[in-house]
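To keep things clear, I will list the structure first and then write my remarks on it.
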Amino acid sequence: MSNETGGSVGPKRVIRGSWRQYATRPEPYDPLKLENLGRSIEMQMLQMEPEPITDVHPMLGAGIYAIYYVGHHPLYEPISDGCRTPIYVGKAVHKGGRKGLTSSGEGEAPLWERIKEHRTSLEQAVDLDADEFHVRYLVAVDFFVSLAEQLMIRQFRPLWNTLVDGFGNHAPGGGRSNQRRPPWDELHPGRPWSSPDRMPTPSKQSAEQSRLLIERRWNQEEPPPSQETLTFPDILPDEL
């Protein structure tokens, strides 16, 4: 082959390394990345078969759980879909687990006790039936369950985590009955410790406001979820 001046031209030379400018740059998978650690626990729990919250057998250990509604309450029927969308997500850790100060925890059952506490709340609510709630749960290491909890709340935006606060509240200690009633107890009254006699100050969010927020969710009028940064549980090295 010749060029216009009659000189020969060899095959086009490929410059070594030129492919790099076209190469994709996938992010290497890091199993120790914060989100991946939490995601592994979440995925393991979601593989568990949901159980009626009234039939959870006693168990030892800490962990994560997700509660699902399976009944016909008109406010929650859109998620009564075969345990695909949780109505509430939570975790339970050993004493001191929030600060990384747990002992062996042998003989303790924080996860089971927490689920049992939620069962009692559902049984006490005048307009809910505990038999219409199922739960998935997974016993796991305290340090990582909060990561999975954050991921699930961010992903599913459970109603009782994001729109109607207070389902997971404990009865206030002595001298704190002047607190406002939780929004959840305004919407689903019945827990003795949150009755108007014991907590006379109403919530800033009325039952009607809570219903409206939930209906806006079903109508997709709610703002998109915020992308909050995942965080490790608080650890105080100098106290270990």
Side-chain angles (χ1 to χ4, degrees), residues 50-59 62-80 83 85-95 97-98 108-137 149 152-153 156-218 222:
E51 302 177 17
I53 199 169
T54 54
D55 296 338
V56 177
H57 194 272
M59 79 199 92
I64 186 173
Y65 59 92
I67 297 174
Y68 301 85
Y69 183 68
V70 296
H72 301 286
H73 193 295
L75 202 55
Y76 303 126
E77 275 199 282
I79 55 171
S80 182
C83 296
T85 304
I87 197 170
Y88 184 79
V89 168
K91 68 177 184 297
V93 298
H94 293 99
K95 294 178 181 179
R98 295 180 186 274
E108 297 180 7
L111 179 57
W112 179 67
E113 290 171 355
R114 187 65 169 144
I115 294 174
K116 185 174 65 170
E117 184 178 13
H118 290 319
R119 170 186 173 175
T120 299
S121 293
L122 297 171
E123 290 173 338
Q124 292 173 340
V126 298
D127 61 338
L128 297 175
D129 185 347
D131 290 330
E132 295 181 340
F133 290 85
H134 287 192
V135 61
R136 284 187 173 98
Y137 56 88
E149 180 195 38
M152 289 196 67
I153 291 174
F156 291 106
R157 292 184 292 158
L159 297 178
W160 292 351
N161 291 94
T162 60
L163 298 185
V164 184
D165 189 36
F167 174 64
N169 288 16
H170 302 280
R176 293 191 292 169
S177 59
N178 60 343
Q179 295 179 348
R180 291 183 179 273
R181 287 193 298 275
W184 190 86
D185 292 271
E186 297 282 15
L187 184 60
H188 300 298
R191 292 193 287 196
W193 59 264
S194 66
S195 68
D197 292 339
R198 298 190 184 183
M199 299 185 76
T201 307
S203 170
K204 290 183 178 181
Q205 181 173 307
S206 68
E208 185 57 36
Q209 288 173 321
S210 292
R211 292 188 190 97
L212 181 60
L213 288 172
I214 293 172
E215 289 170 359
R216 287 182 61 191
R217 168 73 64 83
W218 306 146
E222 184 192 23

Which atoms form the tightest heavy-atom contact between [X] and [Y], and what is the distance?
X: Arg217; Y: Arg157; answer: NH1-O, 2.8 Å
X: Met199; Y: Ser194; answer: SD-CA, 3.7 Å
X: Pro158; Y: Met152; answer: CD-O, 4.2 Å

Excluding sequence neighbours, so at least two apart, what forms side chain to side chain donor-acceptor pair (under 3.5 Å) with [X]?
X: Trp184; answer: none
X: Ser80; answer: none
X: Asp127; answer: His188
X: Glu113; answer: none

Not counting sequence neighbours, which residues clear side chain to side chain contact (heavy atoms under 4.5 Å, CB included) with [X]? List them please.
X: Ser195; value: Asp197, Arg198
X: Pro196; value: Arg181
X: Pro52; value: Thr54, Asp55, His134

Test of understanding: with salt bridge (charged side-chain N to carboxylate O under 4.0 Å, His left out), list the residues that count as partners of Glu77, not counting sequence neighbours.
none
Could you tell me which residues satisfy salt bridge (charged side-chain N to carboxylate O under 4.0 Å, His left out) with Glu117, sequence neighbours excluded, listed by chain and number?
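Per chain and number, Glu117 pairs via salt bridge (charged side-chain N to carboxylate O under 4.0 Å, His left out) with Arg114.
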Compile the donor-acceptor pairs under 3.5 Å between side chains in residues 62-69 and protein atoms, sequence neighbours left out, one pair per line.
{"from": "Tyr65", "atom 1": "OH", "to": "His118", "atom 2": "NE2", "distance (Å)": "2.6"}
{"from": "Tyr68", "atom 1": "OH", "to": "Arg136", "atom 2": "NH1", "distance (Å)": "3.1"}
{"from": "Tyr69", "atom 1": "OH", "to": "His72", "atom 2": "N", "distance (Å)": "2.9"}
{"from": "Tyr69", "atom 1": "OH", "to": "His73", "atom 2": "N", "distance (Å)": "2.6"}
{"from": "Tyr69", "atom 1": "OH", "to": "Glu132", "atom 2": "OE1", "distance (Å)": "2.8"}

Side-chain donor or acceptor of Glu108 paired with backbone N/O of His94 under 3.5 Å
no
For Tyr88, the option from Trp160, Phe167, Phe133, Tyr76 that meets ring-ring contact (aromatic ring centres under 6.0 Å, His included)
Phe167
